Amino acid sequence: MYLWMAKGRVKVFEGRCKSCGLCVAACPMKVLRISERINDKGYRPAEQFKEGCIACKMCAVTCPDVAIEVFRIDEV
Amino acid sequence: MKEVRIFERPRSMADVTTHYCPGCTHGIAHRLVAEVIDELGIQETTVGVAPVGCAVFIYNYIDTDMYEAAHGRGPAVATACKRIRPDLTVFTYQGDGDLASIGLAEVAHAANRGENITVIFINNAIYGMTGGQMAPTTLLGQKATTCPLGREAKVNGYPMRVAEMLATLAAPGYIARVSVAKPKFILEAKKAVRKAFETQIAGKGFSLVEILSTCPTNWGMLPVEATDWLVEKMIPFYPLGEFKVPE
Amino acid sequence: MGEKVLMKGNEALAEAAIQAGCRYFFGYPITPQNEIPEYMSRRLPEVGGVYLQAESEVASINMVFGGAGTGERVMTSSSSPGISLMSEGISYIAGAELPCVIMNIVRGGPGLGGILPAQSDYFQATRGGGHGDYRLLVLAPSTLQEAVDLTMEAFDLAEIYRNPVMILGDGFMGQMMEAVEFKPAPERKLPDKRDRAVGYRARRGKRALVKSLYLDPAALEAHNMKLKAKYDLMADRETRHESYLVDDAEYVVAAYGTTARIARSAVRLLRDEGIAAGMVRPITVFPFPYAPFQNLGSQVKEVLAVEMSCGQMIDDVRIGVAGKVPVSFFGRVGGVAPTVDEIAEAVRRLRKS
């Protein structure tokens, strides 16, 4: 049903993530979650755990730590 | 297949981890300011004024010339800088203790003189750095460490609506209230921050953007709960919108 | 140059500042210094400068902070209660090592006090006034000509030491009229104003950060020690005083500012009576000229500090004299100046006791 939407990928800079979860709540596709890993500050960073990112950037827009980059995947 | 980066850290934002608590929305407001500085191409000619409060270290995060002002005095510092160097873009970044309490005179008079500066005003209804004391913006009934049973109008008066109050003055060019609680609000907030800087660059006088923000730590909430609380409790009392726009 | 003009003290101070290159003034009205901002509001626009009346002394001094951060010559003026309000900002200016000039036309206190001349803010001026371990370079002229000359130098000194400089006057000096001549200050090598100022990022290739917060105790200690080294350097290089008939004096009056003018007449009167009186007059009160008191001759029997206060500078005089001879005090307060006869009589009493 999302065929007309862009495909994307979320990159989380894990060392910057403070595990606040705002990105997880912001994601309309529910492809983000808090991981089980622990970063060097003691936080469990967010991760994209499944396909389905539509490159909407809402996770990055809401990330208070600028810990997220978003890529759009273009079919060439 | 080709990957195109469509969201990255603004150039004016230093590549460091902030000291803010998890979920604190100061970081979002910082990023919006940095994005606008980048978009307007003014990094080299912008001067920021840091407040006293959690955001005092904004100069570690926004990479422009910066002053660190005494508590509440940012608009006075910015006034002189801009009067002497009208070619620079000058902004203050202030919390609600800094701006609405101790620094109310400075911001009100800078606004009233129509100083051609931009004020980014973070309203999170509490004192953050000192540990969650009542602010002039604390909502009625809201608990803080200095009103443990909740703010009461009889004792502490009512929360102060700064944007509306300053919008009664003749001189200001642009006054708006926005929020960074949810992505849709953040996109609107970005537009307002940009308009505020553009107002200054066009020489149209004082501009202020009040940004409703969360303080999960001192509100005693999880970050996502805090954003919900802001939407449910703060926005009804502090309506979003533009209160003054340049002619 | 070379021409003497009759001017009111406050206006002469303001004109001297303009001739010294000051183009930016931020202030708030308070008696007895109002002619300074009034003069500035008229003159500064004529020379391409900016005069701005702030909403309070608190705002004025923070405007000075912001203005000084641009590297330009900035000043404010006030009187005692106003300086109290500015003390917070002065502390930040000293902490951030910004140059500026502050004129303090002292009036009587405490509280609202009165509007007449006093020297009751010596402690406030020389011990900092605000919080933290900092000092101002404090120049205490005695005549209008000296006030003009010191003002011409004050901006250079502020830039050299990156420190606020205070001109410590009093209500007499502000309100009296006298003939003055505006002479350029001796030339000094000055730092480039763009070195640390905001607004020169492209040129310098590095941003400017004007701040006074050092949360790391080691960093704050280093900053404090750096400031102390600067104050020590001021003491080495900038300490000034005038010795008047001290070489053979048995009784030495210590006085500064307007009081020293009156004391000079008293010394002359006493000399006419055959009493060996003399005077040491500090011109800088921070750094204080301890040496002339340390080096008083063995013929000196007693030192008399004369002030328009209940005794403030006398503490520094005692430090200088270091117990070698007694130090006594005569003062009038509340806006009352000591007369020549009163000072002379105070010295005569020393002889009898």
Side-chain angles (χ1 to χ4, degrees), chain B residues 12 14 19 37 41-53 55-92 102-113 115 117 129, chain C residues 23-26 28 44 48-76 86-93 95-96 98 100 130-131 193 196-215:
Chain B
S12 299
H19 70 292
I37 289 171
I42 53 174
Q43 186 183 6
E44 304 255 283
T45 53
T46 293
V47 182
V49 183
V52 171
V56 63
F57 290 124
I58 188 173
Y59 49 72
N60 291 337
Y61 311 135
I62 294 192
D63 180 18
T64 62
D65 281 356
M66 284 265 184
Y67 291 93
E68 168 199 279
H71 200 20
R73 318 301 176 211
V77 173
T79 289
C81 181
K82 184 72 180 184
R83 290 267 183 155
I84 294 174
R85 291 288 306 272
D87 57 314
L88 302 175
T89 302
V90 185
F91 74 96
T92 71
I102 197 166
L104 191 58
E106 282 74 19
V107 74
H109 285 276
N112 193 45
R113 290 189 301 263
E115 297 295 345
I117 59 172
M129 177 164 272
Chain C
R23 290 293 176 272
Y24 304 100
F25 181 98
F26 305 94
Y28 185 81
L44 279 174
V50 173
Y51 164 85
L52 185 61
Q53 182 164 319
E55 61 271 24
S56 66
E57 285 92 348
V58 174
S60 318
I61 196 67
N62 284 285
M63 289 176 185
V64 169
F65 178 96
T70 69
E72 299 299 323
R73 293 200 154 179
V74 184
M75 69 168 286
T76 187
M86 289 184 182
S87 295
E88 176 202 45
I90 295 173
S91 168
Y92 279 72
I93 291 171
L98 294 174
C100 71
H131 61 283
K193 71 178 182 186
R196 288 164 70 177
V198 301
Y200 296 100
R201 180 179 171 133
R203 182 193 172 88
R204 196 175 35 222
K206 195 172 122 202
R207 73 166 179 165
L209 192 50
V210 178
K211 69 179 203 102
S212 61
L213 178 67
Y214 297 86
L215 279 184

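Naming: A, B, ... by sequence-line order, numbering from 1 per chain. All values derive from a computational prediction rather than experimental measurement.
Neither the backbone nor the side chain of V49(B) comes within contact range of chain C; no heavy atoms are under 4.5 Å apart. Only the side chain of F26(C) comes within contact range of chain B, with at least one heavy atom under 4.5 Å from a heavy atom of that chain. R204(C) touches chain B through its side chain: at least one heavy atom from C-beta onward sits under 4.5 Å away, while N, CA, C and O do not. Within the 4.5 angstrom heavy-atom criterion, atoms from both the backbone and the side chain of L213(C) approach chain B. The contact between S212(C) and chain B is made by backbone and side chain atoms together, counting heavy-atom distances below 4.5 Å. Proximity to chain B (any heavy atom under 4.5 Å) is restricted, for L215(C), to the side chain, taken from C-beta onward. Heavy atoms of D63(B) lying under 4.5 Å from chain C belong to its backbone as well as its side chain. Using a 4.5 Å cut-off between heavy atoms, A69(B) contacts chain C through its backbone alone, with no side-chain atom that close. With a 4.5 angstrom heavy-atom cutoff, I84(B) touches chain C via backbone and side-chain atoms both. The contact between V50(C) and chain B is made entirely by side chain atoms (from C-beta outward), counting heavy-atom distances below 4.5 Å.
Counting heavy atoms from C-beta on, the side chains of V77(B) and K82(B) never come closer than 4.5 Å.
The greatest number of non-hydrogen atom pairs below 4.5 Å with chain C, out of T79(B), V90(B), N112(B), T64(B), is found for T64(B). Heavy-atom pairs under 4.5 Å with chain C peak, among A70(B), G103(B), C81(B), at A70(B). Note: E55(C) leads E72(C), M63(C), E55(C), E88(C) in heavy-atom pairs under 4.5 Å with chain B.
To the nearest 0.5 Å, the span separating OG1 on T92(B) from CD1 on I117(B) amounts to 5.5 Å. R207(C) CZ to I62(B) CD1: the interatomic distance, rounded to the nearest 0.5 Å, is 10.0 Å. Taking CE of M86(C) as the start and CG of N62(C) as the end, the distance is 10.0 Å to the nearest 0.5 Å. T76(C) contributes atom OG1, which lies 8.5 Å from atom CD1 of I90(C) (distance to the nearest 0.5 angstrom).
Taking the centre of each ring, H71(B) and Y92(C) stay at or above the 6.0 Å mark.
Relative to the ring axis of Y200(C), R85(B) places its NZ or CZ within 45° and under 6.0 Å from the centre.
With 3.5 Å as the limit, one finds no donor-acceptor pair spanning the side chains of Y28(C) and Q53(C).
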Legend entry - Check against side chain to side chain donor-acceptor pair (under 3.5 Å), T45(B) and R201(C): CA-CA 7 Å; T45(B) 53; R201(C) 180 179 171 133; over 6 Å; no

